[in-house]
Amino acid sequence: MNWVEVDIFTTSEGIEPVTGCLLGLGINGFVIKDAADFEEFLNDKSVNWDYIDDDLMGLKNCETTVTAYLPENAQGLDYLEAVKAELKALKQRDAEDQFGRLEYELKNVREEDWANNWKQYFKPLEIGDKPLIKPSWEEVSEGETRKILEIDPASSFGTGQHNTTQLCLELVEKYLKDGGRVLDLGCGSGILSIGAVLLGAGDCVAVDIDANSVKIAGENAEKNHIPAEKYRAVCGNVIDDTELVKEIGGGYDLLCANIVADVLIGMSGLFAGFLKPGGRLIVSGIIDMRKDEVLDKIKEQGFELNEIREKEDWVAASFTAPQ
């Protein structure tokens, strides 16, 4: 398998939150280059060096960098979109500007080329009993009976390729009531909320911290012929924006949140307020090692755990809201 190197530029103080984001996404392969560490090495008087290579000396003034390694395939593109969203969210939380610029560069491939070269691997994908996810350039047979959801890669996180999206959409299909109101927190491409409408939801509100994701979700809803009165996408962070929470309102029949463990924990106290009593909460994006931590936190808010689904170290779960 080929790998894409993603250089993330930060500071010494930013290493822990950046690597924490990567680990939360299930990205375990990364390398850290930090000038502060090299300065400590140079000042270590217990060791005498006769010669230090010029390339090594160049680290003295380098910008602190976390280099992650993503598979150069369809799922890797989804990972990249998730990394971009996490960096943007981290930048917004960094009120004191301690974590540097939090920008990224791809080392050995252009992002546009990556997406285009991998078009051949994005084929129609069946998820659950009814949805069929397809990119715009692929055709399906005239007699296809599944609900066709058209999403193109490299637009925003959520093409159906990632296990977390598949698990979450399966649970949405299972627990969605016909005509129900749906709230999608961390909507990315809008795949879950658009899928919910195609599966029978009465209307959906999709929320994301990234303005570009909100724009793309709206475009994808239109592409899938979702009427404007059934779909609304808004930008903001429900964790610290009380006005946004009021705007979103409550009384939803189903809430889906396919994000990462730390954000789910941060949102856990808000879930019940969005849902009607006895409504359904579906969470995903949880790496297996964080499963108990996240699910226990949600149960502390009075939710009853209904079902857990797992796929290749990823976990999704369904809860019933307190009555």
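In this chain, numbering begins with 1 at the start of the sequence shown.
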Problem - Verify same cluster id: Ile209, Met267 (apolar side-chain graph, 4.5 Å) - result: no

Handout entry: Qualifying residue, where the test is salt bridge (Lys or Arg N to Asp or Glu O under 4.0 Å) with Asp253 and the options are Arg181, Lys177, Lys276
Key = Lys276

Handout entry: Test item: Ser284 side-chain N/O and Thr164 main-chain N/O as donor-acceptor pair under 3.5 Å
Key = yes

Handout entry: Leu295 side chain near Ile286 side chain, heavy-atom distance below 4.5 Å
Key = yes

Handout entry: Any side-chain heavy-atom pair of Asp7 and Tyr104 under 4.5 Å
Key = no

Practice task
May I ask you to say whether Glu307 pairs ionically with Arg309, meaning some side-chain N is under 4.0 Å from a carboxylate O?
Solution key: yes

Problem - From Leu87, Leu90, Thr67, residue fulfilling side-chain contact (heavy atoms from CB on, under 4.5 Å) relative to Ile8 - result: Leu87

Handout entry: NZ/NE/NH1/NH2 to OD/OE distance under 4.0 Å, Asp203 and Lys230
Key = no

Practice task
Identify the two heavy atoms, one from Pro135 and one from Glu150, that lie closest to each other, and give their separation to 0.1 Å.
Solution key: C-CG, 4.1 Å

Exercise for the section: Enter the distance from Asn237:CG to Asp210:CG here, rounded to the nearest 0.5 Å. Expected result: 12.0 Å

Problem - Pair Lys299 + Glu304: basic N to acidic O under 4.0 Å - result: no

Practice task
Measure up the Tyr79 and Trp314 rings against each other and bin them: parallel (under 30°), tilted (30 to 60°), perpendicular (over 60°).
Solution key: tilted

Problem - Cationic N near anionic O, under 4.0 Å, Glu139 to Lys134 - result: no

Practice task
Give a yes or no on whether the backbone of Gly190 and the side-chain of Asn220 come within a donor-acceptor separation of less than 3.5 Å.
Solution key: no

Practice task
Sequence neighbours left out, what passes salt bridge (Lys or Arg N to Asp or Glu O under 4.0 Å) with Arg290? Give chain and number order.
Solution key: Asp262, Glu293

Handout entry: Single-linkage hydrophobic cluster Leu167~Ile308, side-chain heavy atoms < 4.5 angstrom
Key = yes

Handout entry: Under-4.0 Å salt bridge between Lys130 and Glu170
Key = no

Problem - Sidechain N-carboxylate O distance under 4.0 Å for Asp97, Lys91 - result: yes

Exercise for the section: Report yes if the side chains of Phe99 and Val18 come closer than 4.5 Å at any heavy-atom pair, otherwise no. Expected result: no

